[in-house]
Each structure stands twice: as structure tokens, then as C-alpha cells.
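These notes are about the structure you will find just below.
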Amino acid sequence: MKEIPKTYKPQEVEDKIYQTWEKSGYFNPDNLPGERSEYFSIAMPPPNCTGTLHTGHAIMLAYQDLIMRYNRLLGKKTLWLPGTDHAAIATQAKVEKILYKEEKKTRHDLGKGKFLQKVVDYAEESKNTINNQVRKMGSSCDWSRERYTLDEGLSQVVKHAFLKMYEAGVIYRGDRIVNWCPHCMSTLSDDEVEYQAAKGKFYTFKYAKDFPLLISTTRPETKLGDTAVAVNPKDKRYQKYIGQEFTIDIGAGQQKIKIIGDDSVDMNLGTGALGVTPAHSMIDYEMAQKNDLSIIKVINEDGTMTDKAGPDYQGLPVLQARDKLVKWLKDNDLMVKQEDIEMNLTVCYRCGNTVEPLPSKQWFIDVNKKITLKDNKYFQNKSIKEAALGVIKDREIKIIPQKFEQDYFRWLDNLRDWCISRQIWFGHQIPVWYKKADKGINITFIRHGESQGNANDQASGHQGDELTDKGIKESQNLKSQLADENFDKVFSSDLSRSVQTAEIIFPDKEIIQDQRLREIDFGDLTGKTNEERNKYRVSGFPNGESYQQVRERILSFLSDLIDKYDGQRIALIGHSGTWKALEIILNNKSFDLEHLKIHATREPVEYQLKEIISVGLSDPQGSGWQQDEDTLDTWFSSGLWTFSTLMDKDYQKYDSWEDWVKGSADLEFHPTSVMETGYDILFFWIARMIIQTTFMMGEIPFEHVYLHGLVRDEKGRKMSKSLGNVVDPLDLIDKYGTDALRIAMITGTSAGADTRLYDEKVEGFRNFVNKLWNISRYILTSVKDIRRIPEKPTPQTLADEWILSKLDLVTEQVSKDLDKFNFSPASDALRDFTWNNLADWYIENAKFQMSNDKLKTSTEEILLYVLERLLILWHPFIPFVTEEIWANFKAQELLMVQQWPQVKYIGQAEKQVIESQVLYPFWKFEEIIMNIRNLRAEFKIDPGQKVDVTIIPAKKDNLADIRFEELQNNIINLAKLDHLMIGQTKPAGSVSHVLEGVGQICLHLESLLDLEQEKQRLQNEIESVKKFIATLEKKLKNNDFKLKAPKDIVAKEEFKLNDQKEKLAKLEDQLKGFE
RNA sequence: GGGAACGUAGCUCAGAGGGAGAGCGCCAGACUUACAUUCUGGAGAUCGCAGGUUCAAAUCCUGCCGUUCCCACCA
């Protein structure tokens, strides 16, 4: 027999067990044994590659591994896909910090190339550290599928996503007010801005002596960029000024201030007049849009004042500029008052520095534009907002706990266009290329005259198709219309109807034919009517072209134009398709059906070509292209995480996004089953995944979202370095073992509720783990043949039946709880069973049964059976210790791929039978023993001393169901008795307890030490019983109660009353005995 | 300013209409042959406060007090 140590030492076995698991290959769903038809998957929220594992990671890993292991045991094909996130800003900032600390250099000192290399090295190192720590937690994730947001395949998905959204017109480039962090030197999305309470000064002043209104501000320096004062149109004080314009000079030179009326102005706040600074406030910007105000940018990206702020201020940091202007206002008698106020500072969530709103040209995701996508049920004339709302409203995705749904809805309600470009170096470079025409090219596009095809509503595409008479006439008209225009060059599509038109309009010019200007190739739809073609317009024509392809060739054509004909005037004769592509390239139209189904007019259209933009998967053809320097918001790539990680790594094999999706076998695991993460990234991440996945895949990213709370310290505070209360999960693992840490984080908390973590809590669970270990130690060392595990054990005693019933019940409950994501109740129930039922009662009892030859074998079998099941039930919570015990038990197979016990369906009737024939009798048995122990303690009977006990049953045969013979023997063992007997009267010289529903337990005493104490106790008990009887009687005398309460409740109360009366009689008898 | 959650034993939390629960801590006792990371017994609660609904309220409703969180935002 194997030697099993007295104490479980997690430190000595955990790494070894993890290696065994990893080597087994079972983390990979493809290697799992047995038939597994049901898929189950979780995409692990990728930890940032910035350093090490913290408690936030530990808790998510604990939950997810629990969910994964449970579902694996249930026989599902389980994939848990691990990975890391490049965390653009966070990582870059960290490396910049290190760089400055170690070498006193900035990233600019190093240059982009060298700096990025450093970041990549750092990220690589962190990744390894993190991955090993993820292993430490026992995570059963499939390392063979590990991904990284910056790896090649994922970067390719990012490009596809950008392209697809761009083509749908969802991604656009715009000049707007953005949140700018002067420290990170980058834009931030609205969600990356935080508010911090701070003390500030509230200044009230006039722009000039003769200015009629007072205004107030906390940021005087921005007033250098004011272009208006807004008042509420209902405000009687100021109505008369609305529409007037003033010129002031507070240092920025001549500054025009218009008085405007706006309903959003609060009459009661400050002076009721608001200085409008369109360039440095989101709200003011919106006001400026409405009122057509000019926008003056007075603050620079580096946090200093611009030249527009005037020579006195240019170059000053904002705070200095503020002081200077305040002084100037005072000196000039314009300052009216200065108050101290509590205000909110807008700060960067990464670095904590003040965020400056300022105007900038950036890339945005339009959240309100209604779009239609092929094969996508979420986007049928729906905006991103609407689609993201729908999946939660329709409960297609269920958020647990549900209360977060309303947070989500509110977030969507307030959602503005999402700024996705970042001015940092580390990340996915925006897949956009620009090519500039220095002088600019003037292009006049002319659509060919009506052709036979046009006349018949038949698409000719690349086929020959002659002009009709009408078409010829149209062209002749154009000839005279354009007679005075001077074109340097004339280009035409090489298709006959276009060449024909060109030759009519420009008979004297050289017509340069270029097939890139052709109509779209309709492929199989050639010759079909417009109506038939329409449904293919967005997706592309079978065996023909898509508009994306047309755009590519036109773009290539335009690129050549820039190279060769910059500064010239060009006429361009082509087709409706040519025009559509030109509109897309030069007028920011998107590929939606609305645009694509419009035909070009036969009127000339003029374009100014200054810059062309190419959005795509790779560098565009031709020279002179420059890729956008900016990178994408890190959440843009993590929003793709659930499916980008499942895409076939060999992406070069596929020509299109659709093919790639079709060819990626692992997408069987998508939508993922559960997304488990902290509620703090509901908006950052969960919402983004929903947006991007519905858009790209036409699928939800996950079916359930389980949000756990944040880990806090024992006082409920957030962990932070400055407070010095950061708990390192790895320290706790070293001290108490991974299992103890895992269960400590899961037990005693519910979804969405914060968890407190501290040593004592983990220690308690370490003790429990050791308890389980010793339960197994006892069973495995005292059972003769541990291989003899019965399919179905045969109970011989009440205790046997009791423990098996309890096991069934706890199995049922744990399964139900886990199915409903109720983790804590599940572990509570299991712990209760393990310690309070199995260890404290059954095993103690089994020791006796084992010494009885008749019961030995069956008891052993039951012990083995219970242990086997118990290990499986516990495994998802505490995988290491259970696997280690399993190895002592059944060395040849791994616990992690066993089968979860079937829940034996117990019907209501059967449950009642078990309740009355097994659980209730055993409860009486427990009560008797506990009362004997209590009496012994009360009368200070030496633990070693044996005594006689007489039980007077409450009713005749009351002890029959607890099988008195068994009880008698067991009690001797459990309570140190000489003899247990049933009697009718209380023996002389005994003390007793009256147990409701059971009887009177009388302990024979040689001599009673403290008579007074016992009398007092009896009196107290009599008092409380009387009180209880009084309330019961009151209740039962109440007619309303008898009338309105359910019958079984009334019967129960009546039964209680009788019971209590009996008890009272016995207690009073007893008291008399003492007097 | 808007919204949400939570106030139950000294601490951390269960319970969600029918006689107040667990773990830790505390007190007393015990080396009992799986485990002192253990075992046995005990003390400890006006279920935040005030109303209401109900035969019956810790549990449902209203108000108040307190704590925490989220969102908007202060011109």
C-alpha cells in the first residue's frame, strides 16, 4: 500500500500535476476521449502583456477553469483558448517608463524602429511570465491554440475588419473634437476618460469693459478661443442680446464673440451666460455646429498654447497661461469674483493626466449609420447601436447578473462615434495609405451616352454595346456643352460605347483608352435587368467583379494620374460603375446598396483630386503611397477576440474574408459559450465584442456573459500600489496552494459582487483541502482493496442509506447550481457534505461498521464509491488536490476526463420517502448524540469516562425508524457510553434533555455537581418554551390564520403546539424532581 | 444631476413570505489509532431606522439614514 503523507503539500505536487495534464493532451478538444458532439468554448480574456498576473487574472482563471472542467466532465468538446493582448497604450507607456528610468531617454530619442523593438522584446518576456502564471493557476486551456492580438493572423483579421467597416461606410475619417492626452500624446475614446474630484477655482469675469454679459469658467485660458456666448433663449435678462456680435481682445488679438441662444444653457448656473469654446469642449463644439460658429484651436497637442492664443500666450503650458490671463483680467478690472469650488477633472485612465478636448482629424466608427450587410441578420438597415441593443434585448446574449443589462443599455444610449485612431507606435498600424497630388488634378467625369443595353434595361458590363440614336444625340449635346472647356488629356474606358462617346465629344483630341475605366463586370448577371442585378451589388457578381475590385482598378488609374499628370485638367469618359467608384474614392461614399443602385447622370461631374486614400490588406500598387502613421485603439482588435482566435492561421490560403471564414474549422466553437470577465470592462470590451462580432460574423460572440466582481482587500478597498494593499496571488499560492486560493475567490460571493481576499480566508480553505486529503487518506489506507468500487453500492445500515442519499442530493444540487452559474452555493453545499456529513458523521460511524465483519465489505464499498464521486464533484473547484488523490486511487487514468455523475432524477414522491425514512430518522440519531455530548459537557463528565443513558421515546415506537440496534452500538462508539437503553421513566439520579419529536435523553450520574446551575438552565428553557407556546396559541386562536393560511401550515403549527406542550410538561416534571 | 446595488452575530457572507444560518474570530474542554491545517461543547443578532401590505415580514411596498458603484457633467 502506498504511503500517503499526513498533510497535503500543494507546493510539491501542483507543478507535476499540471505537467501531467498538459502532456496528456486533454486541454486540446481534439484529443478528448469518447464521443463528444456538444461544443463548449470560452475565449480567455487575454491578459495584457505588461508584467505579471494579479488577483484580477487569478479570479477570472479560477472561474473559467471551473466552468471548463465542469463541462469537460459533462462530456462536451471543450475548448478554452488562451492568449495575450498587446494592450497598446499600456504597454508602450510601461516601456517608456522603464526606458526613462534606466536610460533617461524618451521614445523619440530612440526612434520608432529601435523603440518598437524594445516594446516587442518586453511584450515577449511578459507573455512568457504571464503564461507560466496562468499555468500556476491550473488553467486547463489549450496552449496549442494560444494567440496574441499582434500575431500575424490576428493582424490580418484586424485589417479585414477595418476594411469591411470602411467599405460599409461605418469607419470614416473626420475632423472632430477628440479626447487628447498630452502625456500619452494620443487620442482616447470616451470610455478611456475618467473623472476625478478636485478643488478648482470658478472665475467670473467680463471679456471687456463694455461687454454686456458676465461669464464664468474654471478654465480661463480656453477663453482665448471663445467665439460665442450662449444664453438660454428664455432668459429675460439676456434675450435682447441674442444675435449681436462683439469684438474683444483679451490677448489673442481681435476676437469676435457672437451672442447665441441655446436651450441647453442652465439659467441658474453661474451667471447664466456661457462662454463658448468650440475647439476645447465637446458640448461647445456641438453648439458651434448648430450655430455655425468658427473654431479656434488655442491649445496644442503638447498641452501648450498655440499661436492663435496670441503672442503673449503662445508656447505657455495651459496652467501658466491660466495664471497669466487671470492676472491680466484682474489688472484690467474685468475679474468680478473668484470662488473655490469642487469640480471634476477629466483625466486619462492610463496615466492620470488631464485630458484636453481638442479638434483633430481622426478615424471614427459611426454608431448611428444604418447599414445593410449580406448574410447578416443583425445588420438589415440597422445601426451598430441598434444591433448591439437588439442582441441583449432579445436575450440572445444573457448577462449574469442581469442588472448589468441596464448599464449596458444606458451606455449605448449615450454612445457617440468611437474614435479608433491612436497616435502611439505600438499596435496595429491603420491599414490606410495616402497619396497626395501636390498641385491637384481637376477631373471631369462623363458617362457614356445611352446604349442599347441601357435602353433595354440590360447590363452589358464588359460586353460590346453600341450607343442608341438617343445616346449619340446626348453625346453631341455634351460636345457643344464642353466646347469651351480646355482639357489637357482625355481618357476613356476601352469599351466601345465609351470610346464612341469620347470620340463624339472630343473629335480632335487623342483618346487614351484604359481598361481600368471599364464598367463593372457583371459576370453571370450580364444581360440581366437592373432589378435582378441589385441583390448582388453589395456582395459582387458571380463570375464577375465586385465594386471593391472596380475601386481597386480605378484607384490604380488615379495613382498613375498623380504620377504623370499632376496639375493638369483631365476628362474621363466611362460608365456608371466608373462613377460609383469615383464617388467612393473621391467623395467618401460607401459600398452600401443605396449608393450602388444609383446610376450616374449623363451630366458631367467635376472632382478635385488632391489626395487618394487606399484602404486594404496590403500596400497599394505604385509609388508615392504613405501609410497612416497612427495605430488602432487596442479595443478594436480585442473586440474581434472570440472569432479572430479561431480563424485558420494559414490566412494566405484564402482570397477573401468569406473564404477564410468558411475554411476555418475551429469556428465550430463560435459563438463561444460563455464570456467570463470582470464587470469593469463591460463597456470597454464586452460591448465592443458584441459590436464587432455581429458586424463581422453575423453571429453573437458568446451566449452568456458572466461578470464577476472585483477583488478587494479585507476592508473592501480597491487594491492599489499606493495603498500598499496589493495581494499577489502567487504569494498566496506559495503559502496555501492554488486550490485554496481558487476556492477562496469563488466561495462567499455572487455574480457581480466584489470579493474580499485576505490570508485568513485562503487559510481556511487550505484547511479544507487538507481535510479532503485526510478523508481520502483514511479511506485509501483502511480499505483493503481500493480497486473494488461498486457500480451501485448496497446500503446495510441507516447510516449507509443516509450518506448515499445525501450524496445523491448534493450531486443534484451542485449540478443545478453549476448549470445556473451559482458557483458559491455549489461549493458551500459540497463543503457541507464533505465535512459535516461525510467526515463528521459517516466516517466516524464507518469506523465502527468496519469492525463488524458483516458490515465491513459493504462499508468499504460505500466509502470508495462516495470518494470516487466526491472527487469528481470537487474537481472543477480544486483540480490539483482531487487529481492527486485520484492518482493514489486510480493511477491509470486522469480525473480531469472522467464522467460527471448522472443526476439521479428524484421525484417529489421519492424525495418524501427518503426524507421520512432516511433523513429524518438520521437527524434524530444526530440529535440524540449531540444532546448526549451536550449533557456530558454541561455536567463536566470526563471525556474518558463512560456513562449509562436512558432514552424515553416521545411516542411509542418513535425510535423504530432509526433502527435502535444499530444506533445503540454506534452511539457507544460516538459518545463514550456504557449502555444505551430505552425506558419509560426517568431514572433516579439522572439529568436529561427533552428533544422535540424524539424523546427525553437521560444521563445517569453518580453525583450531581451543580444542582443550582441545572435548575437555572431548566427554568430558562421552560421560559422560552412557554413563550413559544404563547405565540403558537395566539396564532392558532386567530380565525384569520385558520381561514387564510394554507392547511399544511396550520397543521404544522398545531403539531408544534402539542409538541411544545409535551415538552413543557416534561421539563416541569424535571424541575420538580430537583425540589 | 440621473441610475443601481447593498446595510443580517465582532468580521466575511448565505437566506427572499411561515419558529434567525454558515465560515472565521471568541470562550470552555480534548493529543479520540485520517487529519491539532483536528475534534467536542458554548456564548454571541430588536435582520440599518420608521411606516405600510398580509392571518403571518429579515424576506413584499414606501420614506428616511448610511455605505458603495456606474453614468452624465459643472460652462
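A, B, ... follow the sequence lines: proteins, then strands. Residue 1 opens every chain.
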**Prompt:** With a non-hydrogen cut-off below 4.0 angstrom, is A:K847 in contact with a base, only sugar-phosphate, or nothing?
**Reply:** base
**Request:** Take the angle between the ring planes of A:Y241 and A:Y238 and call it parallel below 30°, perpendicular above 60°, tilted in between.
**Result:** tilted
**Among B:A4, B:G19, B:C71, the one nearest A:F683 by side-chain distance** = B:C71
**Message:** Test of understanding: with side-chain hydrogen bond (donor to acceptor under 3.5 Å, both in side chains), list the residues that count as partners of A:T747, not counting sequence neighbours.
**Reply:** A:S827
**Item:** Structure string for RNA chain B in dot-bracket form, Watson-Crick and G-U at under 3.5 Å, | interchain
**Value:** ((((((((.[[[[.)..(..]]]].(((((.......))))).....[[[[[..)....]]]]])))))))....
**Prompt:** Looking for any heavy atom pair under 4.0 Å, which part of the strands does A:R831 touch: base, sugar-phosphate only, or nothing?
**Reply:** sugar-phosphate
**Fill in**
A:L710 and A:K718 have their tightest heavy-atom pair at CD1-CE, 4.1 Å
**Prompt:** When rounded to the nearest Å, what value does the distance between P atoms of B:C61 and B:C13 take?
**Reply:** 23 Å
**Request:** With heavy atoms under 4.0 Å as the rule, sort A:Q1060 into base, sugar-phosphate or nothing.
**Result:** base
**Message:** What's the gap between B:A28 and B:G19 when it is taken at their P atoms, as a whole Å value?
**Reply:** 35 Å
Distances for protein N/O vs nucleotides 55-60 of chain B N/O pairs under 3.5 angstrom?
unit_1: B:C55; atom_1: OP1; unit_2: A:K1044; atom_2: NZ; d: 2.2
unit_1: B:C55; atom_1: O2'; unit_2: A:N1038; atom_2: ND2; d: 3.0

**Message:** Just the rounded figure in Å: distance from P of B:U32 to CZ of A:F848.
**Reply:** 21 Å
**Residue whose nearest RNA chain B nucleotide is more 5′ - A:Y778 or A:I215** = A:Y778
**Request:** Please test A:E1054 against A:N1058 for side chain to side chain donor-acceptor pair (under 3.5 Å), starting from the C-alpha separation and ending with a verdict.
**Result:** CA-CA 6 Å; A:E1054 274 167 349; A:N1058 280 332; over 6 Å; no
**Prompt:** Taking only residues two or more places apart in sequence or in another chain, which ones pass salt bridge (Lys or Arg N to Asp or Glu O under 4.0 Å) with A:D832?
**Reply:** none
**Message:** Taking the P atom in each of B:C11 and B:A5, what is the distance between them to the nearest angstrom?
**Reply:** 25 Å
**Request:** Can you tell me the distance, in whole Å, between the CD atom of A:Q196 and the P atom of B:C70?
**Result:** 13 Å
**Request:** Mind checking ring-ring contact (aromatic ring centres under 6.0 Å, His included) for A:H280 and listing every partner two or more places apart, or none if nothing turns up?
**Result:** none
**Request:** Using a strict cut-off of less than 4.0 Å between a Lys/Arg side-chain nitrogen and an Asp/Glu carboxylate oxygen, indicate whether A:R831 and A:D828 qualify as a salt bridge.
**Result:** no
**Request:** Give the rounded distance in Å between these two atoms: NZ of A:K718 and P of B:C69.
**Result:** 7 Å
**Prompt:** How are the rings of A:F683 and A:W411 set to each other: parallel, tilted or perpendicular (split at 30° and 60°)?
**Reply:** parallel
**Request:** Check every strand shown and say whether A:N414 touches a base, only sugar-phosphate, or nothing at a heavy-atom separation below 4.0 Å.
**Result:** sugar-phosphate
**Ion pair A:R742/A:D739, N-O distance below 4.0 Å** = no
**Rounded distance (nearest 0.5 Å) linking atom CG of A:D190 with atom CE of A:M282** = 5.5 Å
**Asked** Looking at the side chain of A:E844, which of B:G18, B:U12, B:C35 is the nearest nucleotide?
**Response** B:C35
**Prompt:** Separation of A:K976 atom NZ from B:U33 atom C1', in whole Å?
**Reply:** 12 Å
**Request:** Mind checking A:T218 for me? I need base, sugar-phosphate or nothing, with any heavy atom below 4.0 Å counting as a touch.
**Result:** sugar-phosphate
**Item:** Those residues that, when tested against A:Y679, pass ring-ring contact (aromatic ring centres under 6.0 Å, His included) (two or more places apart)
**Value:** A:F404
**Message:** List the residues meeting side-chain hydrogen bond (donor to acceptor under 3.5 Å, both in side chains) with A:E927, not counting sequence neighbours, and say none if there are none.
**Reply:** none
Tabulate protein N/O versus nucleotide N/O from nucleotides 13-16 of chain B, keeping only pairs under 3.5 Å, one per line.
unit_1: B:C13; atom_1: OP1; unit_2: A:R756; atom_2: NE; d: 3.2

**Message:** Just the rounded figure in Å: distance from P of B:C11 to CZ of A:R712.
**Reply:** 18 Å
**B:C64 to B:G7 separation - C1' atoms, rounded to the nearest Å** = 14 Å
**Item:** Worked check of ring-ring contact (aromatic ring centres under 6.0 Å, His included) between A:Y349 and A:F684
**Value:** CA-CA 12 Å; A:Y349 86 129; A:F684 280 128; 5.2 Å; yes
**Nearest-Å distance once atom C1' is located in both B:U32 and B:C47** = 39 Å
**Prompt:** Just checking A:Y758: base, sugar-phosphate only, or nothing, at a heavy-atom cut-off of under 4.0 Å?
**Reply:** sugar-phosphate
**Asked** C1' atom, B:A9 versus B:G48: distance in rounded Å?
**Response** 15 Å
**Message:** With rounding to the closest Å, how many angstrom separate the P atoms on B:G2 and B:G18?
**Reply:** 36 Å
**Request:** Give A:E1053 one of three labels, base, sugar-phosphate or nothing, depending on what nucleic acid heavy atoms sit under 4.0 Å from its own.
**Result:** sugar-phosphate
**Prompt:** Can you check whether A:K1056 has a side-chain N or O nearer than 4.0 Å to OP1 or OP2 of B:G19?
**Reply:** yes
**Item:** Inter-residue atom distance A:R712.CZ - A:T55.OG1, 0.5 Å rounding
**Value:** 11.0 Å
**Message:** Under the rule for salt bridge (Lys or Arg N to Asp or Glu O under 4.0 Å), what residues qualify as partners of A:K847, not counting sequence neighbours?
**Reply:** A:E844
**Message:** Between B:C73 and A:N344, counting only base atoms on the nucleotide and side-chain atoms on the residue, is there a donor-acceptor pair under 3.5 Å?
**Reply:** yes
**Message:** Whole angstroms only, please: what is the CD1-P distance between A:I932 and B:U32?
**Reply:** 21 Å
**Prompt:** Quick one: side-chain contact (heavy atoms from CB on, under 4.5 Å) partners of A:L389, sequence neighbours excluded?
**Reply:** A:K393, A:F409, A:L412
**Prompt:** Taking CG from A:N268 and P from B:C73, how many angstroms apart are they, rounded to a whole number?
**Reply:** 20 Å
**Item:** Set of residues satisfying salt bridge (Lys or Arg N to Asp or Glu O under 4.0 Å) with respect to A:K1044, sequence neighbours excluded
**Value:** none
**Asked** In the 5'-to-3' direction, what one-character label does each nucleotide of nucleotides 36-41 of chain B receive under the scheme B = base within less than 4.0 Å of a protein heavy atom, S = sugar-phosphate only, - = no such atom?
**Response** -BSSSS
**Message:** Please report the distance separating the C1' of B:U67 from the corresponding atom of B:G29, rounded so that it comes out in whole Å.
**Reply:** 41 Å
**Complete:** A:L830 CG to B:G23 C1', in whole Å, measures 16 Å
**Prompt:** Which is true for A:V769 with a 4.0 Å heavy-atom rule: it touches a base, it touches only sugar-phosphate, or it touches nothing?
**Reply:** nothing
